[in-house]
Chemist: 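My questions will all concern the structure given below.
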Amino acid sequence: MPPKRSYWLVKSEPDEFSYADLVAARGSTTLWDGVRNYQARNTLRDDMKRGDLVLYYHSNTKPPGVAGVAEVVREGYPDPTQFDPKDSHFDAGSDEADPRWFAVDLKARAELDAYVSISDLKANPNLSEMAVVQRGQRLSVQPVTASEFREVVKMGGLKAADLR
DNA sequence: GCCAACGTTGGC
DNA sequence: GCCAACGTTGGC
């Protein structure tokens, strides 16, 4: 019996890297990097597993919302940008032998037929507990329950069978 | 160990 | 562009 699949929501600013950019990337896969928050780091390093499904959320845009579904295809590994002095995410305090920051690889699975904006999420009583709609919620990677995931996918017009 | 100052996130 | 919320830093 394989371990149970988990669900996540990750935020990305579409001006930096949108869901369409992920679809267009080589192998529709990218390194999801640049996270510099310890709680999010722990999730990336310890909790996200191959085969987990991810709601890809566009933040800092109008309107913010969920654009598509991605899959974790490579589990946590050291984020290379922390060692690159030219990168804005460079961290001089991180030791290559004991890296401070981690990344995962995400692969595009399915764009939502209908973009699900944050106002749509907030209007759905089934999603009132969802982390992303809570006040002051800034974590760039958040756990999502299976039922929340199913609900958002349904709102986006995808069939569960599309995401077996 | 407290907490004020500061920087960042991100909706609005 | 504003600013509330939150995390981090650093003086004491």
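Just so it is clear: chains get the letters A, B, ... in the order the sequence lines come, proteins before strands, and each one is counted from 1. Note that the structure is a prediction, hence the values are computed from the model and not measured.
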Chemist: From CZ of A/R36 over to C1' of C/dC6, roughly how many Å is that when rounded to an integer?
Modeler: 19 Å
Chemist: May I ask you to verify if any side-chain N or O of A/Y38 is less than 4.0 angstrom from the OP1 or OP2 atom of C/dC6?
Modeler: no
Chemist: Under 4.0 Å between a side-chain N/O of A/K122 and OP1 or OP2 of B/dC12, yes or no?
Modeler: yes
Chemist: Once you build an axis from the first five pairs and another from the last five of the helix from B/dG1-C/dC12 to B/dC12-C/dG1, how far apart in angle are they, to 10 degrees?
Modeler: 10°
Chemist: With sequence neighbours left out, write down each residue that passes side chain to side chain contact (heavy atoms under 4.5 Å, CB included) with A/Q39, or none if nothing qualifies.
Modeler: A/N37, A/L139
Chemist: Expressed as a whole number of angstroms, how long is the span from A/W101:CH2 to C/dT8:C1'?
Modeler: 10 Å
Chemist: A/K154: which residues meet the side chain to side chain contact (heavy atoms under 4.5 Å, CB included) condition with it, sequence neighbours left out?
Modeler: A/E151
Chemist: Do A/P80 and A/L31 make a side-chain contact, defined as non-hydrogen atoms from C-beta onward lying under 4.5 Å apart?
Modeler: yes
Chemist: Take atom CG of A/D91 and atom P of C/dT8, then tell me their distance rounded to the nearest Å.
Modeler: 12 Å
Chemist: For the pair made of NZ in A/K11 and C1' in B/dT8, what is the distance, rounded to whole Å?
Modeler: 12 Å
Chemist: For residues 128-141 of chain A, which residues have at least one heavy atom under 4.0 Å from DNA chain C?
Modeler: A/R135, A/G136, A/R138
Chemist: Quick one: salt bridge (charged side-chain N to carboxylate O under 4.0 Å, His left out) pairs with a partner in residues 97-106 of chain A, sequence neighbours left out?
Modeler: A/D91-A/R100
Chemist: Output the rounded distance in Å from CG (A/D15) to P (B/dT9).
Modeler: 14 Å
Chemist: CG of A/N37 versus P of C/dC6: gap in Å, rounded?
Modeler: 13 Å
Chemist: Could you tell me whether the side chain of A/L55 reaches within less than 4.5 Å of the side chain of A/F149, counting heavy atoms only?
Modeler: yes
Chemist: A quick test of your reading: do over 12 heavy atoms of other residues, nucleotides or ligands sit less than 6.0 Å from CD of A/E129?
Modeler: no
Chemist: Between side-chain atoms of residues 14-25 of chain A and protein atoms elsewhere (two or more places apart, or another chain), which donor-acceptor pairs fall under 3.5 Å?
Modeler:
| residue | atom | partner | partner atom | Å |
| --- | --- | --- | --- | --- |
| A/S18 | OG | A/A20 | N | 3.3 |
| A/S18 | OG | A/D21 | N | 3.1 |
| A/S18 | OG | A/D21 | OD2 | 3.2 |
| A/Y19 | OH | A/V69 | O | 2.7 |
| A/Y19 | OH | A/R109 | N | 3.4 |
| A/Y19 | OH | A/A110 | N | 3.1 |
| A/Y19 | OH | A/A110 | O | 3.2 |
| A/D21 | OD2 | A/S18 | N | 2.9 |

Chemist: Is any NZ, NE, NH1 or NH2 atom of the basic residue among A/R36 and A/D79 found under 4.0 Å from an Asp or Glu carboxylate oxygen of the other?
Modeler: yes
Chemist: Write down the distance between CD (A/Q142) and P (C/dC6), rounded to a whole number of angstrom.
Modeler: 13 Å
Chemist: Under 4.0 Å: is that the gap between some side-chain N or O of A/K62 and OP1 or OP2 of B/dC12?
Modeler: no
Chemist: Taking the side chain from A/N124 and the backbone from A/L121, do they hold a donor-acceptor pair closer than 3.5 Å?
Modeler: no
